[in-house]
Chemist: 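Dropping the structure in here first, questions after.
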2 protein chains.
Amino acid sequence: MITIKDIAKLANVSDGTVDRVIHNRKGVSPKTAEKVKNILKENNFLLNPIASALATKKKYRIACLIPKSDKKNQFWKSPNLGILKARKEVTRYGLQIDIAHFDQYDSKSYLKKFKILQKNKPDAFIIAPVFSNETAFIAKELENNSIEYIFINIDNKKYKNIAFIGQDSQRAGFVAGKLMSLGLPKNSKCGVVQFRQSLIDHKAISNRISGFNNYLKEHRNDIKTKLIKISLNDKKNDLTKIKSFLNSAKTVSGIFVPSSRASYIASLLPEYVNTSNFSIIGYDTTEDNIFYLKNDKIQFIISQRSFNQGYEAVHIISDFLIQKKVPQKKTYSPIQIIIKENVDYDSRNKKTFINELSNQ
Amino acid sequence: MITIKDIAKLANVSDGTVDRVIHNRKGVSPKTAEKVKNILKENNFLLNPIASALATKKKYRIACLIPKSDKKNQFWKSPNLGILKARKEVTRYGLQIDIAHFDQYDSKSYLKKFKILQKNKPDAFIIAPVFSNETAFIAKELENNSIEYIFINIDNKKYKNIAFIGQDSQRAGFVAGKLMSLGLPKNSKCGVVQFRQSLIDHKAISNRISGFNNYLKEHRNDIKTKLIKISLNDKKNDLTKIKSFLNSAKTVSGIFVPSSRASYIASLLPEYVNTSNFSIIGYDTTEDNIFYLKNDKIQFIISQRSFNQGYEAVHIISDFLIQKKVPQKKTYSPIQIIIKENVDYDSRNKKTFINELSNQ
DNA sequence: AATATATTCGTGTACGCACACAATTAATAA
DNA sequence: TTATTAATTGTGTGCGTACACGAATATATT
């Protein structure tokens, strides 16, 4: 293992000079710089990232811009826990993790929380880019200040995030299409739920829908789909819409919910629907979704190790800052097919961490 | 960030004493040990793993016991590349990675290579436990010398490996069952391929089969399955068996190949089989499998990010040795559903690494 | 040529911990 | 009590790098 000292000896210069060359610092003549560079290459020298990390005075700060979760919106609870776990670990390395939770239905809160985080001048951002347009502003802001950022859970090609961690949502929709078609008789009809206008630009959701439609188009073009617009606020009205959809054809046999709110649809489902011929397919193993899965109201949940998404995101950006380790562009979470029978084996990590927390 | 020095001051002892307490080294009186321990806890002190790694003189050695790959058996090529990539990275930390390739059809070579690796007295093992019985011997041997080991790709509950990285093979079989049933008409018949006796105790394969059968039993008990025993050596004989299976019922509509050799079955398939009503489902995106997938002979491949399995395995065991970072018991690879249409987007990591290699 | 200024280079210390060794204290033997 | 040994504690150095500071050399100014 060749060190800076070794290189210095070989080049007949001091350690400091080698250090300057390695980091492209000024104060070294072109001649010696060239000489040192060559010797560096010849011995294919690499910095010892551990010693480097220890010696670096700089303390990094990472900001997380993540939706908050509550009883109605449980999905983000899991990534948040993952972030907390990772925070515990990286704090030892002199890293500081700021977390701000925004309202995922309020784009203004997204921007507001971003600006708050920005005040601490973080060195990197972890962002859940729920709002496409506002993300444009944020991305620009960060790029102007050459602050790197990664996306978590929701991807968006338009931006220069150095990494994405989450599911391939297009493919996740595709798999949903496959699962759905499993139970669809010839020429039947299937609903696709869309919750309120404001989430139209939620890339993960729109990708799931397009993946879903793609599957049906490619493999089951006998199937008709119908968009069902649901308010999420007006339960009575929502119920009416579901009922009218159910009555809109002879063979209605499934509803695809491209978000984590399949439980809401399940809760609206009238008792007379024969669930053995009818499928609800949704995403993410939230408490409510699991409840309805176990009660045969939801047939499939596609989950994505969301706890790990938070956990990995922090580690990826930490390694990038400290060790200059360039992350993979895409870290895809598994497309887990969760059914009644295997749901209890899902997301062990999260459970262990929650236990750790409560033991303190 | 509290350091050993800080603790020492608080306890009115020297750094060395704190160090002894932290590492449970002898030579410290029960009284002071108690005192230091309390202060350690009160301030919930954690070692700085970076400084710790830098100061540790010990250089670790990791041994990898992995099948070799060739034209006929391409699967292990990918994990091997992952291991090589990780090796490049961890060498910087003073780690040495020994790799030995055994013949996955010869249990003696498995043991032989193990013994060779053992001679270098490695500190930990990465093992692909292809042979269940011989693994018992190896595990015992390692446990007697308190050498930790992790399993890669193939899991086995019987042993005390500190981690497993790979697919949940049971679930992977289950998903295969689901995919298969997609195209199965009522009361049709479907074959399950089993290659030669010696691989019966290959846990990943037997788990896939049981997962597959479980799915059909649970969801499609109208389906009959038939075990097709294939030699892999005697092509003529194998072809006869396939043909006789195809003629054994009116509606034969699929073959499940629970290994990476679906391509072999595809190559045997007679031209007259109508592949639009007939599915071959197999595992792993080997070159040959991809070839037949693209030619519509194979309908589904379930893949598992095998490159990452090798890559992660090395990092997991490295972090364990250097940073004492306790690994997750199970690191499950995604159950990726690969079809003709998305196969080109699979395993990017591997491709990047191969490019890196060839640029040198 | 002598001085001032800029450029290039070397040295020393710190990061937090591990560990060998020295120093101190306690326990035991004579 | 004193000498001897064992148990306990303290000190110092090194791991490989980052970076501030000062020394040496080169260039410019008068």
Side-chain angles (χ1 to χ4, degrees), chain A residues 1-37 39-40 43-60 89-95 123 321-325, chain B residues 1-37 39-40 43-60 89-95 123 321-325:
Chain A
M1 228 174 52
I2 195 148
T3 72
I4 284 187
K5 247 181 215 169
D6 300 328
I7 299 289
K9 264 183 210 159
L10 289 173
N12 276 321
V13 295
S14 72
D15 306 8
T17 302
V18 178
D19 176 72
R20 277 170 213 121
V21 173
I22 290 172
H23 294 92
N24 293 315
R25 278 193 263 274
K26 62 176 183 174
V28 41
S29 73
K31 253 183 292 175
T32 51
E34 192 61 25
K35 185 173 60 177
V36 172
K37 269 181 193 166
I39 297 182
L40 245 20
N43 301 68
N44 50 49
F45 171 86
L46 290 171
L47 273 179
N48 180 329
I50 289 184
S52 186
L54 184 62
T56 312
K57 297 277 188 308
K58 179 136 185 55
K59 298 301 172 197
Y60 292 100
E89 295 171 2
V90 300
T91 300
R92 271 279 85 188
Y93 297 74
L95 284 170
D123 303 281
L321 290 175
I322 295 181
Q323 305 185 22
K324 318 293 174 212
K325 193 165 159 185
Chain B
M1 227 174 53
I2 195 148
T3 71
I4 283 188
K5 244 182 218 170
D6 300 328
I7 299 289
K9 265 183 208 159
L10 289 172
N12 276 322
V13 294
S14 71
D15 306 8
T17 303
V18 178
D19 175 73
R20 277 170 212 119
V21 173
I22 291 173
H23 295 92
N24 293 313
R25 278 192 263 273
K26 62 175 183 176
V28 41
S29 74
K31 253 184 293 176
T32 50
E34 191 63 24
K35 185 173 61 175
V36 172
K37 269 180 192 167
I39 297 182
L40 244 20
N43 301 69
N44 49 51
F45 172 86
L46 290 171
L47 273 178
N48 180 329
I50 288 184
S52 184
L54 185 62
T56 310
K57 298 276 190 306
K58 179 140 185 53
K59 298 300 173 197
Y60 292 101
E89 294 171 4
V90 301
T91 299
R92 266 281 87 186
Y93 296 74
L95 285 170
D123 303 281
L321 291 174
I322 295 182
Q323 306 184 22
K324 317 295 176 210
K325 193 165 160 185

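Residue numbers begin at 1 in each chain, while the letters A, B, ... track the order of the sequences.
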Chemist: Taking all non-hydrogen atoms of both residues, which atom of B:Y93 and which atom of B:I322 are closest, and how far apart?
Modeler: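 Minimum heavy-atom separation between B:Y93 and B:I322: CB-CD1, 3.7 Å.
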Chemist: When we call it a touch if two heavy atoms are under 4.0 Å apart, what does B:L47 touch: a base, just sugar-phosphate, or nothing?
Modeler: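 The answer is sugar-phosphate, as B:L47 gets under 4.0 Å only of primed atoms, P, OP1 or OP2.
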Chemist: Using OP1 and OP2 only, check whether a side-chain N or O of B:T56 sits under 4.0 Å from C:dC19.
Modeler: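 No.
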Chemist: Taking the side chain as C-beta and beyond, is there a heavy-atom pair between B:K37 and B:V18 under 4.5 Å?
Modeler: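 A side-chain contact is absent here, since even the closest heavy-atom pair is not under 4.5 Å.
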Chemist: Would you check if the side chain of B:K35 reaches a backbone N or O of B:A11 as a donor-acceptor pair within less than 3.5 Å?
Modeler: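 Yes; judged by distance alone, with no hydrogens or angles, the pair exists.
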Chemist: What heavy-atom pair brings B:R20 and B:K26 nearest, and what distance separates the two atoms?
Modeler: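 Closest heavy-atom pair between B:R20 and B:K26: CD-O, 4.0 Å.
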Chemist: Is A:T56 reaching over with its side chain to a backbone N or O of A:S52, donor-acceptor style, under 3.5 angstrom?
Modeler: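 A pair under 3.5 Å: yes.
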Chemist: Whole-Å distance between C:dG16 P and B:F45 CZ?
Modeler: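 Distance check: B:F45 CZ to C:dG16 P gives 10 Å.
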Chemist: Between A:L54 and A:R25, which is nearer to the 5' end of DNA chain D once each is assigned its nearest nucleotide?
Modeler: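 Checking each residue's closest nucleotide, the 5'-ward one belongs to A:L54.
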Chemist: Between B:K58 (NZ) and C:dA20 (C1'), how many Å, whole number?
Modeler: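 One finds 17 Å between C1' of C:dA20 and NZ of B:K58, rounded.
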Chemist: Under 3.5 Å, is there a donor-acceptor pair between the side chain of B:N48 and the main chain of B:I50?
Modeler: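 A pair under 3.5 Å: yes.
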Chemist: Let me know the distance between CG of B:L46 and C1' of C:dG16, rounded to the nearest Å.
Modeler: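 So the two atoms are 14 Å apart, to the nearest Å.
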Chemist: Using atom types as modelled and distance alone, determine if a side-chain donor or acceptor of A:D6 lies under 3.5 Å from a backbone N or O of A:T3.
Modeler: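 Yes, A:D6 side chain to A:T3 backbone: donor-acceptor pair under 3.5 Å.
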Chemist: Note down the inter-axis angle between the two ends of the helix from C:dA1-D:dT30 to C:dA30-D:dT1, five pairs each, to the nearest 10°.
Modeler: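 Taking the rotation axis at each end, their angle is 60°.
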Chemist: Nearest whole Å is fine: how far is C:dT13 C1' from B:K5 NZ?
Modeler: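 Distance, rounded to whole Å: 11 Å.
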Chemist: What is the distance, to the nearest angstrom, from the CG atom on A:D15 to the P atom on C:dA14?
Modeler: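 A:D15 atom CG is separated from C:dA14 atom P by 17 Å.
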Chemist: Can you tell me the distance, in whole Å, between the CD1 atom of B:I22 and the C1' atom of C:dC17?
Modeler: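 Spelled out: CD1 on B:I22 to C1' on C:dC17 is 9 Å.
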Chemist: To check you understand the geometry: which heavy-atom pair defines the closest contact between B:A8 and B:D15, and what is its length?
Modeler: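 Minimum heavy-atom separation between B:A8 and B:D15: CB-OD1, 3.5 Å.
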Chemist: Rounded off to whole Å, could you give me the CG-to-P distance for the A:D19 and C:dG12 pair?
Modeler: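 The answer, rounded to whole Å, is 16 Å.
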Chemist: Send over the distance from A:I4 CD1 to C:dG10 P, rounded to a whole Å.
Modeler: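 The answer, rounded to whole Å, is 14 Å.
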Chemist: Please write out each protein N/O paired with an N/O of nucleotides 7-9 of chain D under 3.5 Å, distance rounded to 0.1 Å.
Modeler:
residue, atom, partner, partner atom, Å
D:dT9, OP1, B:S29, OG, 3.3
D:dT9, OP1, B:T32, OG1, 3.2
D:dT9, OP2, B:S29, N, 2.8
D:dT9, OP2, B:T32, OG1, 2.9

Chemist: Tell me the closest heavy-atom pair linking A:D123 and A:Y60, and the distance in Å.
Modeler: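 In this case the closest contact between A:D123 and A:Y60 is OD2-CA, 3.3 Å.
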